[in-house]
A.B. asks: 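This is the structure, below, for whatever I ask next.
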Amino acid sequence: MLDKMEEFNHNNVIEEFDALTKDVGRVQRETLRRILEENSEAEYLQQYGLDGRTDPESFKNCVPLVNHKDLESYIQKIADGNAGPVLTGKPITAISLSSGTTQGKPKFVPFNNELVKNTMQIYRTSFAFRNREFPTGKGRALQFIYSSKQFKTKGGLSASTATTNIYRSTEFKNTMKALQSQCCSPDEVIFAPDFHQSLYCHLLCGLIYRDEVQLVSSTFAHSIVHAFRKFEEVWEDLCSDIRDGVLSERVTNPSVRAAMSRILKPNPELADLLYDTCKNLSNWYGLIPELFPNAKYIYGIMTGSMLPYLKKLRHYAGKLPLCSADYGSSEGWIAANVNPSLPPESATFAVLPDIGYFEFIPLSGDMANAGLDSTVATFFYDEAEPVGLAEVKVGEEYEIIVTNFAGLYRYRLGDVVKVTGFYNSTPELQFICRRSLLLTINIDKNTEKDLQIAVETASQRLMEEKLELIDYSSHADMTTDPGHYVIFWELSGEADDEVMGECCNILDQSFVDAGYIGSRKVKAIGDLELRILKRGTFHKILDHYLGLGAAVSQFKTPRFVGPMNSTVLQILCNNVDKSYFSTAYG
């Protein structure tokens with residue numbers, strides 16, 4: 001691991017990546033061999049009779065494709081304290097909480113030091129390419145990063161989000177220092193229990209070190225946008241804190257106040273400069289480079305559900321480049337952004353062939369011509385036999401299968417990607433969608449099952465009124481700021497406003513995904529809206545699909561209607577009888 005800033009040389013890292021990607025078929029076979037040899041004693045692998053074989057053909061013939069549900073009993077055994085070789089040869093050291101939920105429960109994902117190493121490799125690789133394109137000097141990074149709460153499993157393992165597991169590692173701090181990306185904020189701010197206090201202090205720390213800030217980043221683009229929207233509200237208080245050297249009383253956490261007192265000193269000159277800068281801005285355009293004149297770029301995940309935030313982010317960024325972060329999930333990393341100059345809308349990610357063994361299920365099916373969203377109704381995809389990393393084809397779409405060093409073997413990630421080209425012999429991927437993901441505004445991820453559970457829970461209130469829910473659908477409305485969930489209900493009769501208001505609140509509270517709850521609490525997602533439709537609305541939708549050539553026997557109500565499915569969305573919106581907004585989060 002890198003411990004000194006001068007040890008990092010982006011040219012050396014790029015040369016290593018070039019060598020690594022010359023023959024990915026060979027690297028993949030070697031990576032699979034390492035994974036299977038290191039975990040040959042694992043209970044999970046033992047049952048499939050590999051008998052020491054580590055070649056891809058035997059692996060595919062013996063070990064089945066799985067999803068999270070297939071592994072739940074093994075992961076639960078580890079969480080409950082079984083220290084034996086359940087999924088891996090070496091013990092699992094922690095549990096990551098996936099943002100996805102099933103049956104109202106967060107998913108447990110095994111986490112170990114190999115995943116930390118993979119993360120640091122991804123960070124170094126993508127930084128090398130960014131630094132070649134946008135050279136940074138010695139300094140700091142204004143990172144809007146936040147920790148989630150940790151808890152102990154029955155067996156004593158720490159459980160928290162994957163990012164929190166990373167942030168708490170010494171490797172993360174060493175790597176960030178080596179990459180000249182040391183965070184402006186002390187640990188007490190990053191791990192503060194109150195998000196609002198943490199955000200305020202992140203902003204304050206950034207201003208204190210404004211001349212040293214080389215880049216501005218967060219895990220997701222929406223977090224950066226949210227931070228500077230908050231800055232618009234509190235900038236005068238921040239200036240006051242800097243002028244007097246006294247932290248605002250809005251920050252009450254003792255450890256945070258103590259940490260901030262060590263870096264916050266009276267600086268009237270800086271306060272006046274910041275005050276004048278803000279006063280002279282026009283509608284906050286170019287705010288980030290005005291505040292941080294030495295910043296070279298803005299960095300975070302900007303693809304997929306983050307795309308709607310780019311317009312506002314570009315407003316704050318002015319002429320500063322936006323660089324999309326790398327491609328991975330709670331289960332582990334997959335690919336690095338080696339083309340940082342591409343706009344986020346066109347971002348691609350080159351697979352690192354030695355951090356896992358990857359397979360790809362070829363997908364076919366022209367859902368656009370059928371009038372359906374690619375994020376809906378996955379049964380419209382035809383699947384073929386999985387192919388290897390070296391066998392994918394440009395222009396084709398695939399679902400990714402991951403085998404990693406943390407106990408996941410032939411694990412269906414659920415992501416749909418398109419191969420846009422190759423870096424040497426490793427494919428460059430563009431994220432398309434989640435196969436089963438329906439509702440998402442930013443970091444929230446709610447599937448059809450999550451929607452179903454929420455609707456079932458709320459519709460129990462209807463039964464008390466002797467009303468029937470005829471059908472339902474949903475939509476992530478990004479035309480509002482912030483975006484919010486819209487649930488469409490068609491009922492068998494009329495209900496009074498009080499009952500519908502209760503149903504709306506129950507719906508909102510029934511989405512238990514951690515990303516949704518956290519986003520609702522900090523107003524990053526707006527109040528859920530329940531729209532009651534006129535009778536016969538879903539019949540009109542059926543008629544629409546029949547007009548496109550669909551068969552009644554194959555028709556399924558679209559549970560999520562995206563913006564690309566404009567005709568169906570128009571049918572729904574044109575047939576709204578009443579609308580209610582949740583008050584569940586105040």
A.B. asks: For the side chain of H475 and the backbone of V561, is there at least one donor-acceptor N/O pair under 3.5 Å apart?
C.D. replies: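 Answer holds: yes.
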A.B. asks: Would you give the length of the straight line joining atom CG of L274 to atom CD1 of I242, rounded to the nearest 0.5 angstrom?
C.D. replies: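 Separation between the atoms: 5.0 Å.
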A.B. asks: Roughly how far apart are K312 NZ and I224 CD1, rounded to 0.5 Å?
C.D. replies: 14.0 Å
A.B. asks: Is there a side-chain contact between C573 and L569, using heavy atoms and a 4.5 Å cut-off?
C.D. replies: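 Yes; the side chains approach each other to less than 4.5 Å.
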A.B. asks: So which atom in I441 and which in M478 form the shortest heavy-atom distance, rounded to 0.1 Å?
C.D. replies: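 It is CD1-SD, 3.5 Å.
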A.B. asks: With rounding to the nearest 0.5 Å, note down the distance linking OG in S519 to CG in D444.
C.D. replies: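 S519 OG to D444 CG: 5.5 Å, rounded to 0.5 Å.
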A.B. asks: If you round to the nearest 0.5 Å, how far is OG of S282 from CG of L287?
C.D. replies: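 It comes to 12.0 Å.
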A.B. asks: Hey, are E232 and K230 close enough for a salt bridge, meaning a charged N less than 4.0 Å from a carboxylate O?
C.D. replies: no
A.B. asks: Is it the case that N131 and T136 place a side-chain donor and acceptor less than 3.5 Å from each other?
C.D. replies: yes
A.B. asks: Centroid-to-centroid, Y485 to F511, below 6.0 Å?
C.D. replies: yes
A.B. asks: Measure the shortest side-chain to side-chain distance between I122 and L352 over non-hydrogen atoms and say whether it is less than 4.5 angstrom.
C.D. replies: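 I122 vs L352: side chains touch.
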A.B. asks: Before we go on, tell me: are the rings of F488 and Y472 under 6.0 Å apart, centre to centre?
C.D. replies: no
A.B. asks: With sequence neighbours left out, write down each residue that passes ring-ring contact (aromatic ring centres under 6.0 Å, His included) with F129, or none if nothing qualifies.
C.D. replies: F17, Y423
A.B. asks: Would you tabulate the side-chain donor-acceptor contacts of residues 318-325 under 3.5 Å, counting partners in other chains and residues two or more places apart, or write 'none'?
C.D. replies:
from : atom 1 : to   : atom 2 : distance (Å)
S324 : OG     : M302 : N      : 3.4

A.B. asks: What are the two closest heavy atoms between L429 and I400, and how far apart are they?
C.D. replies: CD1-CD1, 4.1 Å
A.B. asks: Tell me if the NZ atom of K523 is crowded by more than 12 foreign heavy atoms within 6.0 Å.
C.D. replies: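 Yes, enclosed.
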A.B. asks: I'd like to check the ring-ring contact (aromatic ring centres under 6.0 Å, His included) partners of Y299; sequence neighbours left out, ordered by chain and number.
C.D. replies: none
A.B. asks: Of the non-hydrogen atoms in L264 and D241, which two are nearest, and what is the gap between them?
C.D. replies: CD1-O, 3.7 Å
A.B. asks: Will you find, in the side chains of Y123 and D326, an N or O donor that is under 3.5 Å from an N or O acceptor?
C.D. replies: no
A.B. asks: When you measure from the side chain of S198 to the backbone N and O of D194, does any donor-acceptor pair fall under 3.5 Å?
C.D. replies: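 No, the answer is negative, given that no donor and acceptor are paired below the 3.5 Å cut-off.
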A.B. asks: Just by modelled atom types, is the Y285 backbone N or O under 3.5 Å from a matching donor or acceptor in the N283 side chain?
C.D. replies: no
A.B. asks: Compare all side-chain heavy atoms of L291 with those of L207 and state whether any distance is below 4.5 angstrom.
C.D. replies: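 The answer is yes, as the side chains (C-beta and beyond) meet within the 4.5 Å cut-off.
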A.B. asks: Do L115 and N118 come close enough that some side-chain heavy atom pair is under 4.5 Å?
C.D. replies: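 They are in side-chain contact.
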A.B. asks: For F144 and F228, I'd like to know if the aromatic rings sit close, meaning centre-to-centre distance below 6.0 Å.
C.D. replies: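 Yes, the ring of F144 comes within the 6.0 Å limit of the ring of F228, centre to centre.
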A.B. asks: If you look only at distance, which donor and acceptor atoms sit under 3.5 Å apart when one is on a side chain in residues 245-254 and the other is two or more places apart or in another chain?
C.D. replies:
from : atom 1 : to   : atom 2 : distance (Å)
S248 : OG     : R250 : N      : 3.1
S248 : OG     : R250 : NE     : 3.4
R250 : NH2    : D237 : OD2    : 2.3
T252 : OG1    : Q197 : NE2    : 3.0
N253 : OD1    : S255 : N      : 3.1
N253 : OD1    : S255 : OG     : 2.6
N253 : OD1    : V256 : N      : 3.1

A.B. asks: Any idea which heavy atoms bring V13 and R124 closest together, and the distance?
C.D. replies: CG1-O, 3.8 Å
A.B. asks: List in chain and number order the residues that pass ring-ring contact (aromatic ring centres under 6.0 Å, His included) with H196, two or more places apart in sequence or in another chain; answer none if no residue qualifies.
C.D. replies: none
A.B. asks: Without swapping roles, check the side chain of S346 against the backbone of L342 for a donor-acceptor pair under 3.5 Å.
C.D. replies: no
A.B. asks: Run the salt-bridge test on R520 and D527 with the 4.0 Å N-O cut-off and return the result as yes or no.
C.D. replies: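 Result for this pair is yes, salt bridge flagged.
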A.B. asks: Keeping T426 on the side-chain end and V351 on the backbone end, is there a donor-acceptor pair under 3.5 Å?
C.D. replies: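 Answer holds: yes.
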A.B. asks: Hey, is the main chain of D211 close enough, under 3.5 Å, to the side chain of N294 for a donor-acceptor pair?
C.D. replies: yes
A.B. asks: Salt bridge check, R130 against E133: does any charged N sit closer than 4.0 Å to a carboxylate O?
C.D. replies: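 Judged by the 4.0 Å cut-off on N to carboxylate O distance, E133 and R130 do not form a salt bridge.
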A.B. asks: Tell me if a side-chain donor or acceptor on T348 pairs with a main-chain N or O of Q430 at a distance below 3.5 Å.
C.D. replies: no
A.B. asks: Can you find a heavy atom in the side chain of H484 that is under 4.5 Å from one in the side chain of V486?
C.D. replies: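 Result yes, sub-4.5 Å side-chain heavy-atom pair found.
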A.B. asks: Return the OG to CG distance between S473 and L533, rounded to the nearest 0.5 Å.
C.D. replies: 9.0 Å
A.B. asks: Would you call the rings of W235 and W284 parallel, tilted or perpendicular, taking 30° and 60° as the class edges?
C.D. replies: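 Rings of W235 and W284: perpendicular, over 60°.
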A.B. asks: Just say parallel, tilted or perpendicular for the rings of H226 and F195, cut-offs at 30° and 60°.
C.D. replies: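 Aromatic pair H226/F195 classed tilted.
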A.B. asks: Please list all pairs passing the side-chain hydrogen bond (donor to acceptor under 3.5 Å, both in side chains) test where one or both residues lie in residues 263-281, with sequence neighbours left out.
C.D. replies: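 Listed by first then second residue: R243-D272.
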A.B. asks: Of all the heavy-atom pairs spanning P558 and V568, show the shortest one and how long it is.
C.D. replies: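 Closest pair (atom of P558, atom of V568, distance): CG-CG1, 4.4 Å.
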A.B. asks: So does K445 pair up with D450, basic N to acidic O under 4.0 Å?
C.D. replies: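 Salt bridge flag = no for D450 with K445.
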A.B. asks: State whether the side chain of S218 and the backbone N or O of I145 hold a donor-acceptor pair below 3.5 Å, judged by distance alone.
C.D. replies: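 No, S218 side chain to I145 backbone: no donor-acceptor pair under 3.5 Å.
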A.B. asks: Which value, rounded to the nearest 0.5 Å, describes the distance between R531 atom CZ and W489 atom CH2?
C.D. replies: 15.0 Å
A.B. asks: With a 4.5 Å limit on heavy-atom distance, are the side chains of R132 and I14 in contact?
C.D. replies: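 R132 reaches I14 side chain to side chain.
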A.B. asks: Any chance you could lay out the salt bridge (Lys or Arg N to Asp or Glu O under 4.0 Å) test for R210 and E212, step after step, and finish with the verdict?
C.D. replies: CA-CA 5 Å; R210 73 183 296 259; E212 297 180 48; over 6 Å; no
A.B. asks: Heavy atoms only: give me the nearest G526-P482 pair and the separation to one decimal.
C.D. replies: N-CG, 3.5 Å
A.B. asks: Does NZ or CZ of R140 fall inside the cone over Y209's six-membered ring, less than 6.0 Å from its centre and within 45° of the axis?
C.D. replies: yes
A.B. asks: Does the separation of the ring centres of F231 and H202 fall below 6.0 angstrom?
C.D. replies: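 No, the ring of F231 stays outside the 6.0 Å limit from the ring of H202, centre to centre.
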A.B. asks: Is it true that a side-chain atom of N505 and a backbone atom of T583 form a donor plus acceptor pair closer than 3.5 Å?
C.D. replies: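 Yes; at least one donor-acceptor contact below 3.5 Å.
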